[in-house]
Amino acid sequence: PLAYIQELVKTHKSSLQGLGMQLLHLEERYHKALSELEDEKKKRAADQAVGDDVAYHLEKEREKLHQQIELEKEGHKKLEESFAKMKQLLVNERSRRQSDTIRLLKDRQSLVYRLYTQKKQSQAFKEDLE
């Protein structure tokens with residue numbers, strides 16, 4: 001029985017030593033995995049910071065473009081208003097010129113008729129003098 005107990009103690013010591021080695025290997029793997037997780041966490045935090053920075057700049061650019069669009073819309077509206085005014089001025093000018101043309105044609109017609117009547121009178125006087 002003493003030999004059996006000594007053999008049993010020896011087997012347990014050997015098993016304990018093997019379990020201790022396994023525990024050391026597990027601890028090493030645990031620390032390595034923990035270190036990798038921490039590195040990944042830092043990397044993600046850095047990536048997130050870069051992503052946030054990019055998102056911030058994109059948002060600023062979007063706001064700037066939105067302001068430019070609003071300015072362009074205002075400019076376009078002013079141009080349309082200016083165009084409408086110019087168009088109305090042209091319509092008014094055309095109407096005035098048409099009126100002037102009609103008046104000048106009537107004046108011409110009147111002058112031609114007057115010239116014709118004066119020519120007739122002149123011929124009549126000429127015939128009377130002869």
Using a strict 4.0 Å threshold on nitrogen-to-oxygen distance, state whether [X] and [Y] make a salt bridge.
{"X": "E93", "Y": "R97", "value": "yes"}
{"X": "D107", "Y": "R103", "value": "yes"}
{"X": "R62", "Y": "E59", "value": "yes"}
{"X": "R96", "Y": "D100", "value": "yes"}
{"X": "R44", "Y": "E40", "value": "yes"}

Donor-acceptor contacts, no H, no angles, side chain residues 9-31, under 3.5 Å, sequence neighbours left out:
from, atom 1, to, atom 2, distance (Å)
T11, OG1, E7, O, 2.8
S15, OG, T11, O, 3.0

Separation of [Y] [atom2] from [X] [atom1] (nearest 0.5 Å):
{"X": "M86", "Y": "L79", "atom1": "CE", "atom2": "CG", "value": "12.0 Å"}
{"X": "T101", "Y": "R94", "atom1": "OG1", "atom2": "CZ", "value": "11.0 Å"}
{"X": "L2", "Y": "L8", "atom1": "CG", "atom2": "CG", "value": "12.0 Å"}
{"X": "L90", "Y": "K87", "atom1": "CG", "atom2": "NZ", "value": "10.0 Å"}

For a side-chain hydrogen bond (donor to acceptor under 3.5 Å, both in side chains) with H76, tell me which candidate from E80, E72, K73 qualifies.
E80
What residues join V50 in its hydrophobic cluster, counting side-chain heavy atom gaps under 4.5 Å, either direct or through other members?
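Hydrophobic cluster check, V50: joined to V54, L58.
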Please confirm whether the backbone N or O of K106 pairs with a side-chain atom of S110, one donor and one acceptor, at under 3.5 Å?
no
Contact check, side chains of Y116 and K120, non-hydrogen atoms, under 4.5 Å:
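A side-chain contact exists here, since the closest heavy-atom pair is under 4.5 Å.
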Tell me, do Y56 and D52 make a side-chain contact under 4.5 Å, heavy atoms counted?
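The answer is no; the side chains never approach within 4.5 Å.
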Have a look at H66 and tell me which of E70, Q68, E63 forms a side-chain contact (heavy atoms from CB on, under 4.5 Å) with it.
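For H66, the side-chain contact (heavy atoms from CB on, under 4.5 Å) test succeeds with only one of E70, Q68, E63, which is E70.
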